[in-house]
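Contents: one structure, followed by commentary.
Since we're looking at a predicted model, the values are computed, not measured. So you know, we letter chains A, B, ... as the sequences are listed, proteins then strands, and number each from 1.
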Amino acid sequence: MEWINVIIQGVLVGGLYAMFAAGLSLIFGVMRLVNIAHGDLIVLAAYVALVVTQTLGIGPLTALIIVVPVMAAIGYALQWFVLNRTLGDDLLPPLLVTFGLSVIIQNGLLALFTADSVKLQAGAIEVATIRLSEGVYVGVLPLLQFAVAVAVIAGLQFIFYRTALGRAFRATADNPEVAQLMGLDNRRVFALAMALSLAVVAIAGVFLAVRANFDPSQGPARLIFGFEAVIIGGLGSLWGTLAGGLILGVAQAIGAHLDPGWQILAGHIAFLIVLALRPQGLFPKMGT
Amino acid sequence: MTVRVTFGTRANWIGAALGAIAFAALAAAPFWGGREDLQLLSEIFAYVALASLWNLLAGYAGLVSVGQQAYVGLGAYTLFALAILFGLSPLWSIPLAGLVAALVSIPVALLVFRLRGHYFAIGTWIVAEVFRLLAAQAAVLGGGSGTSLPAAMVIAIAPTRQLRDFTMYWIALALVAAVLALIVLLLRSRYGLALKAIRDSELAASCSGVDVTRTKIIVYIVTALATAMIGALIFLQKLRISPDAAFSVNDWTAFVIFITVIGGIGRIEGPIVGTLVFFALRQTLADLGTVYLLMLGVIAILIMLLAPKGIWGFVVERFGWQLFPLERRVLIEERRA
């Protein structure tokens, strides 16, 4: 029973990691850019949600109506004004610029909100649980978070393979020059991809902020969890990313259960084992 | 007709003369500087060395790592472990720390080299995080809160505090000089030519018969070795170690990257110029705290977007100066009939 609980908790947290990973994977897929500031943007979204809930007096989940468009707009502007200028054959500029961005966001948040950790209050839903069987309970909030994660992955899958926007993403990813010849404006496509990525970041940020305390220094760890989920799942596969998030979540839960000091380490070890034995990931993209 | 390859221009003689004067003046620093001056200079030397090594890795070999703090911390922890567990003199531990890091870097390279480009960068960071978490588990070395160097070990360096300051300062100077000399020699060797070819075009390099992966692995291991020795020295001077300080991504990677980018990546002078700018900014703006770091990030981004070759890249383009004799020149002489 104890282990079933551990694994269920791991799976539910894994949904959150899959959301960290989905935005990262989307950006890499479309423009071959790894956004080092991704984790810091998740924490930024959490702080935006904090300000929104405090000034408007609404709950964190309602606040998503405002946080998601705000983060998407930030993403569009960031790509349009800064990151588009770094894209090219050389991989150093985007890496260094997003690294600089990470330091700017961290220290900007530190200056505005101090290093004290804060948390979003979601009210009664936070402590509500459902009884699955004798001795196995799951929280309503983690369950909701997991359901949202699955919905986000399904939504991205739908956008990618069933809409004109997704076709533009895939065309640009396959061959930017030809996509441009077919009348697509790559800069706009990239900006839309970043906007979509940060919309997912906004959802992930709000759930992160409701689940536990957060402070400005937490970004890099979120980036690393997202990255590990992407690599474990396999590049270019959204459902693989979800699986990668779940595996990471379960590995961390098992590690934490054995010894609290081993929680994060167990996740890293799972990642390194996959990298050593199956570097293409567990569920790589098939065919083209 | 004979064809000769030579290094250097007249500016190199000026560079060599300047270098010799600077080295002599710095070696004499204990006689003209105070304790604070020596500490500041040692810190500058450490950053020049770390940035030069990162530049070798990223600017020449195209291995953009954000995980070099793994080797700074590994070197530092090796020194503390040898001192605490085996009572080995810290001075002997510095080269041993380099050796340990070089050995550890081989399996690490095999693992992280499976990742390409940006993914390599984050992979190296995860390795550094693993090292940090493992160090936090080492109860004998103080676990998560760290430990201090035993007093007996401190005295083993030199009997008086002044002599210790002098010794550590000279070690720092010797190490940075050795690192720069190593990089110059490496770049002038066959491997240097291969590295420059890789820097300019990996595809063209491998078409010309350069074993790209082998060259990169060698550079990765050499860099790990030297980075760990610098790390051991940095924490020997601090006399205290903790996992968060030893494996800090900000101190040992973010600053190092900013220094290299501001000074000029892919040029040996870049990290030196960048370090001087970094410390000039720090000495004047450090009171601003977080705002200072924020500004540093903004400056690095602006340089990357507007002048991606950095300060020294601009100087080279404008004036053609080179302080180190690295440029190969082909001389073709007609043989007299």
[X] versus chain B, the contacting section by heavy-atom distance below 4.5 Å:
| X | value |
| --- | --- |
| V103(A) | side chain |
| V230(A) | side chain |
| L235(A) | side chain |

(message) Quick check on the interface: out of L294(B), V66(B), L296(B), who has the most heavy-atom pairs with chain A under 4.5 Å?
(response) L294(B)

(request) Heavy atoms only, distances under 4.5 angstrom: which of V112(B), V249(B), L115(B) has the most pairs with chain A? Name it, please. (result) L115(B)

(request) Would you check, one step at a time, whether the test side-chain contact (heavy atoms from CB on, under 4.5 Å) holds for I104(A) with I301(B)? (result) CA-CA 10 Å; I104(A) 291 173; I301(B) 290 184; 3.8 Å; yes

For [X], is it the side chain, the backbone, both or neither that has a heavy atom under 4.5 Å from a heavy atom of chain A?
| X | value |
| --- | --- |
| I257(B) | side chain |
| V261(B) | side chain |
| I265(B) | side chain |
| V291(B) | neither |
| A300(B) | neither |

(request) Measure across I126(B) and I224(A) and return the closest heavy-atom pair with its distance rounded to 0.1 Å. (result) CG1-CG2, 3.7 Å

(request) Tell me, out of I36(A), V82(A), I231(A), V97(A), who's got the most heavy-atom pairs with chain B below 4.5 Å. (result) V97(A)

(request) Using side-chain contact (heavy atoms from CB on, under 4.5 Å) as the criterion, list what pairs up with V200(A), not counting sequence neighbours. (result) A22(A), V152(A), L156(A)

(request) Scan L265(A), I264(A), I269(A) and name whichever one has a side-chain contact (heavy atoms from CB on, under 4.5 Å) with V130(B). (result) L265(A)

Pairs of donor and acceptor atoms, chain B with chain A, under 3.5 Å:
{"from": "R114(B)", "atom 1": "NH1", "to": "L275(A)", "atom 2": "O", "distance (Å)": "2.9"}
{"from": "R114(B)", "atom 1": "NH1", "to": "A276(A)", "atom 2": "O", "distance (Å)": "2.9"}
{"from": "R114(B)", "atom 1": "NH2", "to": "A276(A)", "atom 2": "O", "distance (Å)": "3.4"}
{"from": "H118(B)", "atom 1": "ND1", "to": "R32(A)", "atom 2": "O", "distance (Å)": "3.4"}
{"from": "H118(B)", "atom 1": "NE2", "to": "L91(A)", "atom 2": "O", "distance (Å)": "3.1"}
{"from": "Q137(B)", "atom 1": "OE1", "to": "W262(A)", "atom 2": "NE1", "distance (Å)": "3.3"}
{"from": "Q137(B)", "atom 1": "NE2", "to": "G261(A)", "atom 2": "O", "distance (Å)": "3.3"}

(request) Kindly compute the distance separating CD1 (I122(B)) from CG (L24(A)), expressed to the nearest 0.5 Å. (result) 6.0 Å

